[in-house]
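Down below is the structure, laid out as structure tokens.
Only a predicted model underlies this, so the values are computations on that prediction, with no experimental measurement involved.
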Amino acid sequence: MKTIKKLYEMDISEDETTWLLECWNHLIINNNIANYRQIRVKIHKRISKDFKPSNIDHQLIQQNVEITIQGLIALNLAEKIFDIGNKTFQYIKNKLFEDADQEQFDLNFIADCIEEDRNMVRISFKLFSNESLSLWSSAGSRDDKYGFDSISISDRSFETYLGYDSMEDVFIANRKRILEYQNNKKDRVAFKTLTPKFEVNNISNNLFPLEILDNTRGYVFNIGSQASECYNSGLYDACLVMIRKLVETLIIECFERHAIEEKIKGKDKHYFFLSDLIIRFLKQDKWPISRNTSSSLPKIKKLGDLSAHNARFSAKKLDIEKIKDDLRVVIEDLIHLIDYPNWTKN
């Protein structure tokens, strides 16, 4: 924990401490995320009149009420969560060494095996999942409680368990990558999207690791950054629309990179819509396409279409969480096929 605390040195005010603690207590007692208005009313006499929860650093809390691992570290309450996370991680790792083909894991069963409270195992695993640590490829819940009942492990998440010894190791490695990325990108030009004061180096990797967009194009990075900031701000429909735009842009870039863009243009010389782009991309024999990308692209497009074109659809955080691993796979595969460092555009 000493290393973790060093990586997350952050001073918080008394009001911030009160707010974070109330949100955390609500979560572990009720097994769900607190209602903003109810928390606001409950503690309004204990906090300053000018205190605004929205000003709390988003690394500590999401959407004003969902506390993060960093938030617990700031409260000095993370030790038990890391202990449970380490036990859960080690159990899954051991099972994968016994049977490398096992994909399905029941977190309630794991909780019983490691002799920890089921709800705390669910909460712990969900909090670590929110850090984009590639712990699962899909997850599900049988009720409205916070967290997951079961998870599936793909090849990508399989590598996470084989590559690290504990949840703490994965978390530290991810945090170091974020810090290195932010330090290397301090000279990036601020871009104005949601607010004139918004800067790239303030974006987190909660949606996907932004460093995978390094060495692409400025506009590609900007699209990914906007998707990430929308996700952090709880603008989930906007996030899915930007994800859709990012995937569409990368598919077009892939055809342009290999000088076959005419295959995705109509008689009017305009590019096809995304549905046709995906069909032609998957049928193209000029590049190898992974099974994960083949199955993930339609899922990502479906959600993006709903947010972009269906007025009655309102995206939720869980919708995006279900495709986060898919999204990362697709982005990395497309960038690999494009090979930006060796591509000079005319």
Side-chain angles (χ1 to χ4, degrees), residues 63 132 134 137-138 154 156 191-194 198 200 203-214 216-257 261 263-266 268 270-284 287 289-338 340:
Q63 292 183 270
S132 299
S134 295
S137 57
S138 63
S154 64
R156 180 174 297 279
F191 69 93
K192 301 178 180 180
T193 307
L194 300 177
F198 175 68
V200 170
I203 306 173
S204 73
N205 288 338
N206 290 332
L207 180 59
F208 61 85
L210 279 172
E211 60 261 32
I212 65 178
L213 299 181
D214 286 354
T216 57
R217 302 285 186 233
Y219 52 84
V220 173
F221 185 89
N222 282 353
I223 295 170
S225 300
Q226 291 178 54
S228 292
E229 182 59 17
C230 287
Y231 179 78
N232 291 336
S233 301
L235 306 175
Y236 301 123
D237 282 307
C239 175
L240 284 169
V241 170
M242 295 311 299
I243 287 173
R244 188 184 187 281
K245 181 176 180 180
L246 177 61
V247 170
E248 183 177 53
T249 299
L250 290 174
I251 289 177
I252 291 173
E253 298 265 276
C254 198
F255 278 86
E256 290 181 345
R257 167 68 174 89
E261 61 267 30
K263 292 188 176 184
I264 54 172
K265 289 182 178 180
D268 58 2
H270 292 157
Y271 286 114
F272 294 138
F273 291 119
L274 183 57
S275 55
D276 290 325
L277 289 176
I278 290 176
I279 291 172
R280 282 161 175 74
F281 173 77
L282 295 177
K283 288 183 176 180
Q284 180 56 234
W287 45 67
I289 300 172
S290 71
R291 185 181 303 173
N292 286 336
T293 293
S294 296
S295 62
S296 297
L297 272 171
K299 290 189 286 185
I300 295 170
K301 177 193 175 294
K302 180 180 179 180
L303 278 176
D305 286 350
L306 286 171
S307 286
H309 305 304
N310 191 325
R312 293 186 176 88
F313 177 78
S314 179
K316 302 295 187 291
K317 185 175 184 180
L318 184 59
D319 294 321
I320 299 177
E321 285 185 343
K322 289 179 179 178
I323 63 164
K324 279 169 73 172
D325 275 12
D326 295 322
L327 176 62
R328 177 172 175 172
V329 168
V330 167
I331 293 173
E332 288 190 312
D333 279 357
L334 286 168
I335 289 174
H336 174 74
L337 292 175
I338 296 168
Y340 280 101

Non-hydrogen atoms of [X] and [Y] that approach each other most closely:
{"X": "Ser307", "Y": "Leu240", "value": "OG-CD1, 3.2 Å"}
{"X": "Leu327", "Y": "Ile300", "value": "CA-CD1, 3.7 Å"}
{"X": "Ile320", "Y": "Cys239", "value": "CD1-SG, 3.7 Å"}
{"X": "Asp333", "Y": "Ser290", "value": "OD2-OG, 2.7 Å"}
{"X": "Leu337", "Y": "Cys254", "value": "CB-SG, 3.8 Å"}
{"X": "Lys265", "Y": "Phe272", "value": "O-CZ, 3.3 Å"}

Could you grab the distance from atom [atom1] of [X] to atom [atom2] of [Y], nearest 0.5 Å is fine?
{"X": "Ile331", "Y": "Ile212", "atom1": "CD1", "atom2": "CD1", "result": "4.5 Å"}
{"X": "Asp319", "Y": "Ser314", "atom1": "CG", "atom2": "OG", "result": "8.5 Å"}
{"X": "Leu297", "Y": "Lys299", "atom1": "CG", "atom2": "NZ", "result": "10.5 Å"}
{"X": "Tyr236", "Y": "Lys316", "atom1": "OH", "atom2": "NZ", "result": "10.5 Å"}
{"X": "Met242", "Y": "Glu229", "atom1": "CE", "atom2": "CD", "result": "12.0 Å"}
{"X": "Phe208", "Y": "Asp326", "atom1": "CZ", "atom2": "CG", "result": "14.0 Å"}

- Apply side chain to side chain contact (heavy atoms under 4.5 Å, CB included) to Val241 and Lys245, showing your working. CA-CA 6 Å; Val241 170; Lys245 181 176 180 180; 5.7 Å; no
Check: [Y] and [X] side chains under 4.5 Å, non-hydrogen atoms:
{"X": "Val220", "Y": "Ile335", "answer": "no"}
{"X": "Glu248", "Y": "Ile251", "answer": "no"}
{"X": "Glu253", "Y": "Arg217", "answer": "yes"}

With a cut-off of 3.5 Å and sequence neighbours excluded, list every side-chain donor-acceptor pair involving residues 274-284.
| residue | atom | partner | partner atom | Å |
| --- | --- | --- | --- | --- |
| Gln284 | OE1 | Lys286 | N | 3.2 |

- Message: I'd like to know if Arg328 pairs up with Glu332 as an ion pair, taking the criterion as any Lys NZ or Arg NE/NH1/NH2 lying under 4.0 Å from an Asp or Glu carboxylate oxygen.
- Response: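 Salt bridge flag = yes for Glu332 with Arg328.
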Do [X] side-chain atoms and [Y] backbone N/O form a donor-acceptor pair below 3.5 Å?
{"X": "Ser233", "Y": "Cys230", "value": "no"}
{"X": "Asp237", "Y": "Ala315", "value": "yes"}
{"X": "Thr216", "Y": "Leu213", "value": "yes"}

- Query: Do any pairs count as a salt bridge (charged side-chain N to carboxylate O under 4.0 Å, His left out) and have a residue in residues 301-312, sequence neighbours left out, and if so which ones?
  - Reply: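 Applying salt bridge (charged side-chain N to carboxylate O under 4.0 Å, His left out) to every pair that reaches into residues 301-312, excluding sequence neighbours, yields Arg244-Asp305, Lys301-Asp305.
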- Do other residues, nucleotides or ligands put more than 12 heavy atoms under 6.0 Å from the CZ atom of Phe273?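 At most 12 heavy atoms, drawn from other residues, nucleotides or ligands, come within 6.0 Å of this atom.
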- Message: Go through it in stages, so that I can follow the logic: the residues are Arg257 and Trp287, the test is side chain to side chain contact (heavy atoms under 4.5 Å, CB included), and I'd like the CA-CA distance, side-chain angles, deciding distance and then a yes or no.
- Response: CA-CA 12 Å; Arg257 167 68 174 89; Trp287 45 67; over 6 Å; no
